[in-house]
Amino acid sequence: MDWYPLYNSLRIAAISTAVIFFLGIAAAYYIAKLPRLIKGILDVVLTLPLVLPPTVVGYLLLRVLGPKRIIGMWALETFGVKLVMTWWSAIFATMVVIFPLMYRTVRSAFESFDETLSYAGQTLGLSNTYIFWRIRMPCCRQGILAGTVLAFARALGEYGATSMIAGYTPGKTATISTTVYQLWRTGDDALAFRWVLVNVAISAVVLLAVNLLERKHPDGGKRRRRA
Amino acid sequence: MSLRVEIEKRLGNFALQAEFETREQTLALLGASGCGKSVTLKCIAGIMTPDKGRIELDGQVLFDAEKGINLPPQKRRVGYLFQQYALFPNMTVVQNICCGIRARGAERERLVREQMRRFQLEGLEKSYPAQLSSGQQQRVALARILAGEPKAILLDEPFSALDSYLKWSLEAELTQMLAAFSGPLVWVSHDLGECWRNCRTVCVLEQGRTGPVTDLETLVHRPATVEQARLAGCRNIYPVRLTPGGLRVPGWEASLPLPDSAEAGSMLGIPAEAVRVGCGGTPWTVCRAVRDLEWTEVLLQPEGATADAPVLCARLDLDQAVQVGETVTVSFDPARLLVLKERTGR
């Protein structure tokens, strides 16, 4: 069994989740402060990939990143880098698809954050950066962790947009999901089933890890609130 | 040291116009809920930015709209005690207190230990706020604020959500711990009793506008406006007409004695203590009697008056039995009648 698809899938999911972790948090933090109208518009635009079919996302990405399109041409001319049909092409696809998951879960976590904690920090002389990383983030860690895991799991399973923008080249752009489809299509049912088991195992481990991480934390999660 | 506030702030339909000054003493900012008390505090602390005006603390300008000065909350050195204390739930007691300390290194360690001892928090170093009692939470919050050596302290309805015993014990503790603080202190409250016990001067905020700073004695015994009279516990407030024979409350037949300061357009306040029941006067009918803990509260209407006539609320001693429907005599103590203005004038 050639393990390249596993390695490729993990690396794509890890890179895109790492990027989206910061992008999603930044978007959730700054968009919440915008005026209502702009917030509403950005919200729709940024959440759209969640409801669009992955093939539509793939098509739109090809329109932008293709070698004869604006960004694709620019990247090719400036850096000599092809943006489609390479292993890293899949990163663009997964990033677009998982961004809304991260953005929305983090946003709702931030919305339930008690702003008086941030005000208290400011009046005590704490910098806004300190308040963000040492108070807001730890208080919202459940939501942020949930968003990250959801994003990672979804990135690992991305198929539609990935297959359009990266295609299926064994040993080059093959991921677990494209491999499973390819093997099933060519009638290699046994091997396809093994890859399915691998995928199920990874997802289960990820979810289990989160549950264990969340189980015990010093402030106990029992946040006493007097009405 | 003094705190001078002169600000305007518009929030949707609500307009705040606050103006007061306080020195090394506790000023009560008293008002019904939604009158802009918290907004005023937030503007002083720098959490909110006023549209106009000026805030000055200890000779330093914290905010000046015209000169474009607006110090961030971090640089104002204004301590703010929030309603639920706003302790950071993810930090231990020591970490929470450290957040208030500006010094670094060994000095920081020393200050934390000092605060822990001063506020009787020893042994709770590694506890999280959720594991503390309300009293301990309040002490941590105060320790955290005072560790930063603030120049002024703002208290935002510190006991509004507590039951009466807890309120009583925390109030005593808070006053005791704040006794050592020498700067201006603004105590926001909607409870006159709380202000009476803890503050010397008071500024009433009604519908977003502050009145003059007065001492509490004056507010309680000689309120000047309808809102002040309500805050001072006066239940009987009526529009009145001036007639040659005295004051007429529409709906009541008899005239009332005329206080000197009465003028057209004023309102009449009759504190319960100004009403004498059963000592002669005109006949009134008891339409409701409620036994309270320390007195019986009766609602009266002049005998023969229509059902929609304004009612008069009076207090009787608990041993003075009255029946609903009974007729009693009522007279008024002219010296205690209040002539009130509709609202604060400037």
Side-chain angles (χ1 to χ4, degrees), chain A residues 25 28-30 32-37 39-40 106 108-148 210 213-227, chain B residues 38 41-42 44-48 71-92 95-103 126-134 136-137 140-141 143-150 152-154 156 159-163 166:
Chain A
I25 288 171
Y29 184 66
Y30 288 109
K33 296 180 171 186
L34 293 174
R36 190 172 292 174
L37 180 73
K39 191 159 70 178
V106 174
S108 60
F110 280 174
E111 275 166 5
S112 60
F113 175 73
D114 181 7
E115 287 299 329
T116 53
L117 293 183
S118 145
Y119 301 150
Q122 290 181 323
T123 57
L124 290 169
L126 301 177
S127 73
N128 291 335
T129 322
Y130 184 93
I131 294 169
F132 184 85
W133 291 106
R134 304 297 293 277
I135 297 164
R136 188 184 293 265
M137 291 289 279
C139 286
C140 298
R141 98 186 146 251
Q142 294 207 356
I144 290 162
L145 202 61
T148 313
V210 173
L213 272 177
E214 260 314 302
R215 188 158 296 170
K216 257 288 167 241
H217 222 274
D219 57 310
K222 51 155 192 175
R223 226 152 275 171
R224 210 179 332 175
R225 283 249 164 254
R226 274 166 291 106
Chain B
S38 285
L41 287 198
K42 286 194 171 126
I44 299 172
I47 297 164
M48 275 179 149
L71 285 189
Q74 283 92 341
K75 291 200 176 144
R76 294 195 180 195
R77 308 203 72 156
V78 171
Y80 199 131
L81 186 70
F82 289 89
Q83 254 174 47
Q84 313 266 332
Y85 309 129
L87 297 177
F88 306 134
N90 56 314
M91 295 187 186
T92 61
Q95 288 170 329
N96 263 287
I97 293 175
C98 274
C99 285
I101 300 176
R102 284 154 210 262
K126 294 206 162 68
S127 303
Y128 285 87
Q131 299 163 329
L132 304 179
S133 71
S134 303
Q136 291 165 337
Q137 288 184 7
V140 176
R144 188 172 76 168
I145 289 169
L146 291 171
E149 290 168 357
I153 293 183
L154 312 173
D156 193 356
F159 314 115
S160 66
L162 305 179
D163 61 68
L166 202 53

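Side chains are part of it too, since the values below use all heavy atoms of this structure and drop only hydrogens, waters and symmetry mates. Throughout, protein chains are lettered first and strands after them, A, B, ... in sequence-line order, and every chain is numbered starting at 1.
Contact annotation: the side chain of A/R134 never approaches that of B/N90 to less than 4.5 Å [non-hydrogen atoms, C-beta and beyond]. The shortest side-chain heavy-atom distance between B/F82 and A/Y119 falls under the 4.5 Å cut-off. The side-chain heavy atoms of B/P150 and A/T123, taken from C-beta on, include no pair separated by under 4.5 Å.
By the 6.0 Å contact criterion, CD on B/Q95 is enclosed, its count of non-hydrogen atoms from other residues, nucleotides or ligands being greater than 12. The environment of NZ in A/K39 is crowded: more than 12 heavy-atom neighbours from other residues, nucleotides or ligands sit within 6.0 Å.
Of the listed residues (B/Q74, B/R144, B/R77, B/R102), just one forms a side chain to side chain contact (heavy atoms under 4.5 Å, CB included) with A/L124, and that residue is B/R144.
For the atom pair OG1 of A/T116 and OH of B/Y85, the computed distance is 13.0 Å after rounding to the nearest 0.5 Å.
For B/K42, the part sitting under 4.5 Å from any heavy atom of chain A is the side chain, from C-beta outward, and nothing else. Within the 4.5 angstrom heavy-atom criterion, only backbone atoms of B/L87 (N, CA, C, O) approach chain A. Neither the backbone nor the side chain of A/S118 comes within contact range of chain B; no heavy atom of the residue lies under 4.5 Å from a heavy atom of that chain.
The minimum heavy-atom distance between B/C99 and A/Y130, with the atom names listed, is SG-OH, 4.2 Å.
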